[in-house]
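Okay, structure first, notes after.
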Amino acid sequence: EKSINSSSWTQATLSGAVAPTARKLRVVIKGTHSACGIAAFDDLSLKISTNESAPPVISQIENQTMLSGKTLGPLSFSVTDADTSYSNIVLSAVSSNTSLIPNSNLSVNQTNGNGTINITAVNGQTGQSKITITASDGTKSTSMNFNVSVSADVKMDVNLISQSLEDWTDPSSRFYY
């Protein structure tokens with residue numbers, strides 16, 4: 001508890017009395033009327049502010065798998081910030097393996113806190129990459145990571161399939177017991 005003594009009560013500043021992580025503040029005003037000695041109360045206007053900016057919060061995207069040379073997405077996530085408008089939040093994305101997924105192949109967007117990312121893997125490349133999405137409110141930033149596994153796009157050889165079917169339909173190629 002901390003007492004504030006002010007003759008005008010138009011403005012009194014209370015600093016250092018509340019822990020930075022506190023979410024509740026109890027205010028009790030006590031006083032006595034000078035003429036009759038009874039308790040007197042007046043209107044109270046209380047403004048609690050902090051100079052500390054809250055960082056943005058990004059929801060998690062689960063690990064993903066995709067085919068080489070293909071595009072994955074849009075993958076959805078949400079972005080919130082307690083003290084910054086959505087229009088002032090800047091999103092960016094980077095890949096840990098740019099030979100597999102170049103940063104230029106990451107397309108991240110956000111509208112009113114609803115974010116999406118599209119990912120395109122390089123054709124003919126396989127492997128793993130960690131994708132990091134960062135949200136910044138101009139003061140603080142937060143990052144979220146997820147892994148992407150890229151595997152080969154297996155294409156069946158049509159000639160091989162046709163030849164195999166012909167072998168099965170040609171009576172001379174069948175084995176009998």
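Everything quoted here is computed from the prediction, not taken from an experiment. Starting from 1, each residue takes its place in the sequence as its number.
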Spell out, as yes or no, whether a donor-acceptor pair under 3.5 Å connects the side chain of [X] to the backbone of [Y].
X      : Y      : answer
Asn63  : Asn147 : yes
Gln110 : Asn112 : yes
Ser96  : Lys130 : yes
Thr142 : Pro56  : yes

Heavy-atom side-chain proximity of [X] to [Y] below 4.5 angstrom:
X      : Y      : value
Leu67  : Ser151 : yes
Val79  : Leu91  : yes
Val150 : Gln128 : no

From the options Thr116, Asn118, Val108, Ile119, select the one residue that forms a side chain to side chain contact (heavy atoms under 4.5 Å, CB included) with Leu75.
Ile119
Val94 pairs by side chain to side chain contact (heavy atoms under 4.5 Å, CB included) with which of Ile133, Ile131, Thr132?
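With Val94 as partner, side chain to side chain contact (heavy atoms under 4.5 Å, CB included) holds for just one option, Thr132.
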To the nearest 0.5 Å, what is the distance between [atom1] ([X]) and [atom2] ([Y])?
X      : Y      : atom1 : atom2 : value
Ser104 : Leu106 : OG    : CG    : 8.0 Å
Asn88  : Asp83  : CG    : CG    : 11.0 Å
Phe146 : Gln60  : CZ    : CD    : 8.5 Å

How far apart are the closest heavy atoms of [X] and [Y], and which atoms are they?
X      : Y      : value
Ser76  : Ile61  : O-CG1, 3.9 Å
Val122 : Ser99  : CG2-O, 3.6 Å
Ile58  : Met144 : CG2-CE, 3.9 Å
Asp81  : Pro55  : OD2-C, 3.9 Å
Gly124 : Ser68  : N-OG, 2.7 Å

Checking [Y] against [X]: is there a side-chain donor and acceptor pair closer than 3.5 Å?
X      : Y      : answer
Ser149 : Thr65  : no
Thr71  : Thr120 : yes
Ser129 : Ser95  : yes

Residues, nucleotides or ligands: over 12 heavy atoms within 6.0 Å of Glu62 CD
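Counting neighbours around CD of Glu62, 12 or fewer heavy atoms of other residues, nucleotides or ligands fall under 6.0 Å, so no.
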Check step by step if side chain to side chain donor-acceptor pair (under 3.5 Å) holds for Ser143 and Thr134.
CA-CA 4 Å; Ser143 296; Thr134 302; 2.8 Å; yes
In the single-linkage hydrophobic clustering (I, L, V, M, F, W, Y; side-chain heavy atoms under 4.5 Å), do Tyr86 and Ile117 co-cluster?
yes
